[in-house]
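Shown next, in structure tokens, is the structure this report addresses.
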Amino acid sequence: MFGSTPQPPQIPPAKQPEQLAPLPMPKEMTPPATANRMAIVLFSGTIDKLMSASIMATGAAAMGMDVEIFLTNWGVWAFRKDDYLTNTRVSADYADKRGVLLEQIAAKKVTSWMENLEGAKEIGSVRITACSHSMTLFDLQLSDLEPIVDEVIGVAAFIERARESAMTLYI
Amino acid sequence: MSSVTITREIDARGSYCPGPLMELIRGLKTAAEGEVIAVISSDPGSKTDIPLWVEKSGNELLTVEPLADGAARFIVRKHLRK
């Protein structure tokens, strides 16, 4: 019964694609995190997402992690001076919930995302940087942003910080 | 339990995650070694977060008292990080 090995059907070898260029591979695999840090790419400028990002940052700061928040595009837009005072933008995919969300925030006196970030900075090491590309795109200088933003940096500088981090969120 | 003197009580009811934890952290920051402070929270997240933070930060959770309104009173002793 087990004596003879059935011969598998002969399958012609798959056609080799014509000389594909090898994918550029890094010399080594990504090294393990070396910093007790949470990195956040904050792309969004709507308060539902800003609120989530600010709570994540606060939680990480409370648990003793450093936090690096990199603002890009609408993230930068939301940090323009005084914009947060009148920002009631909500993600377009939940536009139908905007009214109820704003009502609940007011009724429950929920702390604003800006206050959360200030709190996170107060208890931990939190650095907020703005993407130089977005700054150029929107014609902004660091002085046009809320003072909570520490610096304008390039993407490579952020990637380097994220590479060392224990986790990176994209919000 | 031997009697403990609570030197400060922070009522953080009506504050949402991570507000009560932040109140506790702020409260402990200015407390002296061995001082005991209490924080009252109505946020369900505090039931996981406060004990976890207290342990991680090297402080001491003496007790958690459930209150009639569903909130909880966390009593924490400050220990300076060694």
Side-chain angles (χ1 to χ4, degrees), chain A residues 33 35-38 40 42 46-69 84 87-88 90 97 100-126 128 148 165-167 169 171, chain B residues 8-33 35-62 64 67 69-82:
Chain A
N36 178 29
R37 183 190 305 135
M38 173 193 265
I40 300 176
L42 185 45
T46 53
I47 56 165
D48 48 347
K49 295 190 181 188
L50 287 161
M51 193 179 289
S52 285
S54 71
I55 293 171
M56 294 292 174
T58 310
M63 296 313 286
M65 296 185 89
D66 291 349
V67 180
E68 176 94 10
I69 302 176
Y84 75 100
N87 183 356
T88 54
V90 169
K97 301 286 189 295
V100 76
L101 180 68
L102 295 176
E103 263 172 42
Q104 289 296 312
I105 287 173
K108 293 180 175 163
K109 299 188 177 69
V110 173
T111 346
S112 77
W113 58 269
M114 187 60 89
E115 286 170 283
N116 284 340
L117 289 179
E118 283 162 1
K121 277 208 167 197
E122 179 194 324
I123 60 160
S125 163
V126 178
I128 304 179
I148 201 167
S165 301
M167 59 178 109
L169 310 179
I171 302 176
Chain B
R8 213 177 134 208
E9 179 164 282
I10 303 159
D11 190 346
R13 273 177 287 202
S15 169
Y16 302 93
C17 174
L21 175 61
M22 295 293 285
E23 294 294 325
L24 174 65
I25 295 173
R26 286 193 183 106
L28 281 176
K29 215 173 183 177
T30 52
E33 165 72 33
E35 211 176 316
V36 176
I37 74 168
V39 61
I40 303 176
S41 170
S42 53
D43 187 286
S46 297
K47 293 194 169 80
T48 55
D49 287 10
I50 290 180
L52 189 62
W53 180 84
V54 169
E55 201 207 322
K56 271 250 173 194
S57 60
N59 293 288
E60 186 186 351
L61 184 61
L62 299 180
V64 184
L67 301 184
D69 62 358
R73 189 159 173 258
F74 299 83
I75 301 174
V76 179
R77 189 193 298 277
K78 159 100 172 217
H79 288 303
L80 295 169
R81 258 180 211 280
K82 289 178 186 81

| request: Answer yes or no: is there a side-chain heavy-atom contact under 4.5 Å between Met22(B) and Ile123(A)? | output: yes
| field | Residue, of Gly64(A), Ala62(A), Gly119(A), Ala61(A), that accumulates the most heavy atom pairs under 4.5 Å with chain B | value | Ala62(A)
| field | Region of Ala120(A) that comes under 4.5 Å of a non-hydrogen atom in chain B | value | backbone
| remark: For Pro51(B), the side-chain contact (heavy atoms from CB on, under 4.5 Å) test, sequence neighbours excluded, returns Leu61(B), Phe74(B)
| said: For a 4.5 angstrom cut-off between non-hydrogen side-chain atoms, does Ile171(A) reach Ile40(A)? | reply: yes
| request: Output the distance between atom OH (Tyr84(A)) and atom CG (Leu117(A)), rounded to the nearest 0.5 Å. | output: 11.0 Å
Anything under 3.5 Å between chain A and chain B that's a donor-acceptor pair? List each one with its distance, please.
| from | atom 1 | to | atom 2 | distance (Å) |
| --- | --- | --- | --- | --- |
| Ala62(A) | O | Trp53(B) | NE1 | 2.8 |
| Glu122(A) | O | Lys29(B) | NZ | 2.8 |
| Glu122(A) | OE1 | Arg26(B) | NE | 3.0 |
| Glu122(A) | OE1 | Arg26(B) | NH2 | 3.2 |
| Glu122(A) | OE2 | Arg26(B) | NE | 2.8 |

| request: Flag the pair Ile105(A) / Ile47(A) as yes when at least one side-chain heavy-atom distance between them is below 4.5 Å, and no otherwise. | output: yes
| Going through the distances and angles, do Ile10(B) and Leu24(B) end up as a side-chain contact (heavy atoms from CB on, under 4.5 Å)? | CA-CA 8 Å; Ile10(B) 303 159; Leu24(B) 174 65; 5.8 Å; no
| request: Among Leu21(B), Leu28(B), Leu62(B), Val76(B), find the one that has a side chain to side chain contact (heavy atoms under 4.5 Å, CB included) with Val54(B). | output: Val76(B)
